[in-house]
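Written below as structure tokens is the structure these notes are about.
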Amino acid sequence: MEELKKIVASSIGIALSNEMDCNEILDKIEVPKDKINGDFAYPCFHLAKIMRNSPANIASELKEKITLANNIKRVEAVNGYLNFYMDNANLTSETLAKIMNEKEMYGSSDIGNGQNIVIDYSSPNIAKPFHLGHFRNTVLGSAMYRLYQELGYHMIGINYLGDWGRQFGLLIEGYNRYKEEYDIEKDPLNALSDIYVRINTLAKEDETVMDAAREQFKRLEQGDTELLKKWEYFREISLKEYNRIYEILGCHFDSYNGEAFYNDKMEEVIDILIKKNVLIDSQGAKVVEVGNNMPPCIVLKSNGSTIYATRDLAAILYRARTYDFTKAIYVTGSEQILHFRQVFEVAKNLVDEKYQKGLVHIPYGMIRLKTGKMSTREGNIVYINDLINDAIYKSKAIIVQKNAQIENVEKLAKQVGVGALVFNYLKSNKLKDIIFDLDETLRFDGETGPYVQYTYVRIRSLLEKANFDENNKEIKFEQLANEAEINLIKELAQFETIILKAANEYEPSILTRYIIDIATLFSRFYNECQVLNCEDENLKLARCALSYCTGIVIKKGLAILGIECPDRM
Ligand code: ARG
């Protein structure tokens, strides 16, 4: 498909007498949703100003200049668009032969050329439960990690743990007072967060408690061994809990350097900002003006202490030096948009332009529950473990109801339950708020994870029944000419473009929706065309090959999103 697109771009380039850069043309070419409008469309609106003519006239004039060759069968000018109709016979055999040949490698590319991309994601605050927001963060970051990996980038996943700050003074103080009342090892995150809430309330009433907490944090900052041990303990038991979730989600981190890691790296940042003369006094605090109608970025508070932003600045400097990144991506909730805009602006003073330009913040929307049932304590704090267990438990019931004899039901229920959650989170645009409804998420029909997994399973069983040989080189793909077949093939041909688009737009939902489209097109094809009962052996073989290729794309697409495909269900 990419090849065909390039052919179209170059034919437009020639028609424009090579006055326009071919890559620019390529960027503008669209794939019409409705195939009636052709396989590709080139909007002429941006040319109106340059060519001093209406888009409709420009399209008609260009149409006359396009040569019909090289797979271009027909061109039409419609409402300022130039629509291209391609020769499908070639597309069909090229696409399917490519998939059969490349198998699991289909869709991958090496555009990234091994360049480094840092992705800071998940990054929960230790000693606190993992809530729905962090779950969305983790799933989103993990999908971005794999999307870029598919494009040939070298990925560095960083879990920037929230493991530093004044609150640890309070936590230590609370722990000393209340630890006997809890079985901390049993449920560390809830115990610690409970302790924190209690001591925080107390400190608000009693100034001496706050003083004691301040003293604890000061000693911790100065490296008091006993306190450091406690802090390490909090970090360790928290990570152990988080790792359980990471393992279930199959996500990967190359570093767990959190905020604490930057404790001794902020001084250099302050020095640089002073030397550059950008650190100014503002009501006792030290700030950097960032313009663009934003409030200044506070780097040191009036009592001289560093803050979240100071550590993020140190992290930018460190990551540029350590990883020499092309991009450094940050995934967090949208409430941190201003924070990152400010920090990225200040970073201009710290790192080379090429690094500063590579800083990207990916914000995401909120998650709300449809039912308040799932133990909400404070707004959206939901026990993720409960949610995952619920999803697995319910999937198991559905699977067993469908087939009581099914083997490996535990593993299967996990694949389906967890897959359904992940799929649901990655289905909508990242900025959109999600109203979460577990039963809806687990449905076997509609736009759900189980539905696409089930499509894959159907394909596998079909191929088994047909005894399909995936290494057969004698398949006559040109037999596939009916509309349902062609539409599916055209969509399969888009895989590489979709991966690129989803990565470039930091929007895994583009891939999720694509997989839904593939599953839907497959169902249509399967309803309209006989496969197993097809009398013509050559056609049957070609249809099996098409099914096989669909299976490859679904399985790989889901794997990029972080979802496993069961063999049976
Ligand atoms: N710990 C923060 C939170 O839970 C997210 C950290 C994001 N990463 C960063 N480099 N600031 O909201």
Side-chain angles (χ1 to χ4, degrees), residues 135 139 244-245 247-250 369-371 373-375 382-427 436-470 512 515-516 518-534 540 543-544 546-548 550-559 561-569:
F135 192 68
V139 162
R244 267 222 293 258
I245 299 166
E247 212 181 292
I248 289 175
L249 293 177
L369 290 179
K370 194 173 168 199
T371 56
K373 195 186 114 235
M374 256 175 299
S375 30
V382 165
Y383 303 108
I384 290 300
N385 284 328
D386 290 351
L387 176 63
I388 291 176
N389 290 339
D390 255 20
I392 295 176
Y393 180 81
K394 285 194 170 175
S395 320
K396 191 171 153 185
I398 301 173
I399 294 165
V400 173
Q401 194 193 22
K402 280 185 184 292
N403 179 355
Q405 261 85 49
I406 198 145
E407 287 168 31
N408 270 333
V409 69
E410 297 300 328
K411 182 177 170 202
L412 193 55
K414 195 170 144 197
Q415 288 173 322
V416 174
V418 176
L421 290 178
V422 174
F423 195 89
N424 179 68
Y425 274 74
L426 293 177
K427 193 171 73 176
F436 185 74
D437 176 348
L438 185 57
D439 292 328
E440 198 59 35
T441 300
L442 290 175
R443 281 175 59 153
F444 272 53
D445 52 2
E447 301 181 339
T448 64
Y451 165 67
V452 285
Q453 284 172 325
Y454 191 60
T455 308
Y456 175 78
V457 168
R458 270 167 72 199
I459 291 174
R460 274 196 59 118
S461 97
L462 156 82
L463 295 175
E464 247 166 56
K465 280 189 198 128
N467 247 329
F468 178 71
D469 168 14
E470 58 182 62
T512 319
I515 301 171
I516 295 173
I518 293 280
T520 311
L521 287 171
F522 178 79
S523 291
R524 209 166 293 157
F525 150 73
Y526 197 64
N527 280 341
E528 284 175 27
C529 307
Q530 296 280 357
V531 183
L532 286 174
N533 297 329
C534 178
K540 176 175 170 180
R543 286 181 174 163
C544 283
L546 174 55
S547 310
Y548 170 77
T550 308
I552 294 263
V553 170
I554 292 182
K555 184 169 184 176
K556 173 146 182 191
L558 287 178
L561 298 177
I563 299 168
E564 286 180 29
C565 256
D567 292 337
R568 268 170 224 291
M569 65 194 268

Provide the full list of ring pair (Phe, Tyr, Trp, His ring centres under 6.0 Å) pairs with a residue in residues 443-465, sequence neighbours left out, each pair given once.
-> none
The reported gap from CD1 in Ile554 to CD1 in Ile563 (rounded to nearest 0.5 angstrom) is 12.0 Å
For Ala413 and Ile399, the nearest pair of non-hydrogen atoms, with its separation, is CA-CD1, 3.9 Å
side-chain contact (heavy atoms from CB on, under 4.5 Å) between Ile515 and Leu561: does it pass, once the steps are laid out?
-> CA-CA 10 Å; Ile515 301 171; Leu561 298 177; 3.7 Å; yes
Quick one: CG on Asp390 to CG on Leu438, what's the gap to the nearest 0.5 Å?
-> 6.0 Å
Verify the neighbour count for atom CD of Glu247: are there more than 12 heavy atoms of other residues, nucleotides or ligands below 6.0 Å?
-> no
Separation between SG of Cys544 and CG of Asn467, rounded to the nearest 0.5 Å = 9.5 Å
Residues forming a side-chain contact (heavy atoms from CB on, under 4.5 Å) with Asn389, sequence neighbours excluded | none
Grab the two heavy atoms, one from Leu442 and one from Gly417, that are nearest each other, plus how far apart they are.
-> CD2-CA, 4.2 Å
To the nearest 0.5 angstrom, please state how far the CG atom of Leu249 sits from the CD1 atom of Ile384.
-> 9.0 Å
Taking Gln453 for its side chain and Glu564 for its backbone only, find out whether a donor-acceptor pair lies under 3.5 Å.
-> yes
Distance-only donor-acceptor pairs under 3.5 Å for side chains of residues 522-530, two or more places apart:
unit_1	atom_1	unit_2	atom_2	d
Ser523	OG	Ala519	O	3.3
Asn527	ND2	Ser523	O	3.4

When rounded to the nearest 0.5 angstrom, what distance separates OG1 in Thr455 from CD1 in Ile516?
-> 10.5 Å
Pair up each side-chain donor or acceptor in residues 400-411 with any protein partner under 3.5 Å, not counting sequence neighbours, and list the distances.
unit_1	atom_1	unit_2	atom_2	d
Asn403	OD1	Gln405	N	3.0
Asn403	OD1	Ile406	N	3.4
Glu410	OE2	Lys396	NZ	2.7

Close side-chain approach of Ile245 to Asn385, heavy-atom, < 4.5 Å | yes
Where do Gln415 and Cys565 come nearest, in terms of heavy atoms and distance?
-> NE2-O, 4.3 Å
Find out whether Arg568 and Leu412 are in side-chain contact, i.e. whether some heavy atom of one side chain is under 4.5 Å from a heavy atom of the other.
-> no
Tabulate below the donor-acceptor pairs under 3.5 Å that side-chain atoms of residues 418-427 make, not counting sequence neighbours, or state none.
unit_1	atom_1	unit_2	atom_2	d
Lys427	NZ	Glu447	O	3.1

Of the non-hydrogen atoms in Thr448 and Glu440, which two are nearest, and what is the gap between them?
-> CG2-O, 3.6 Å
Distance-minimising heavy-atom pair for Leu546 and Thr550 | O-OG1, 2.7 Å
Lys540 meets the salt bridge (Lys or Arg N to Asp or Glu O under 4.0 Å) criterion, sequence neighbours left out, with none
Quick one: closest heavy-atom pair of Gly551 and Ile459, and the distance?
-> N-CD1, 3.8 Å
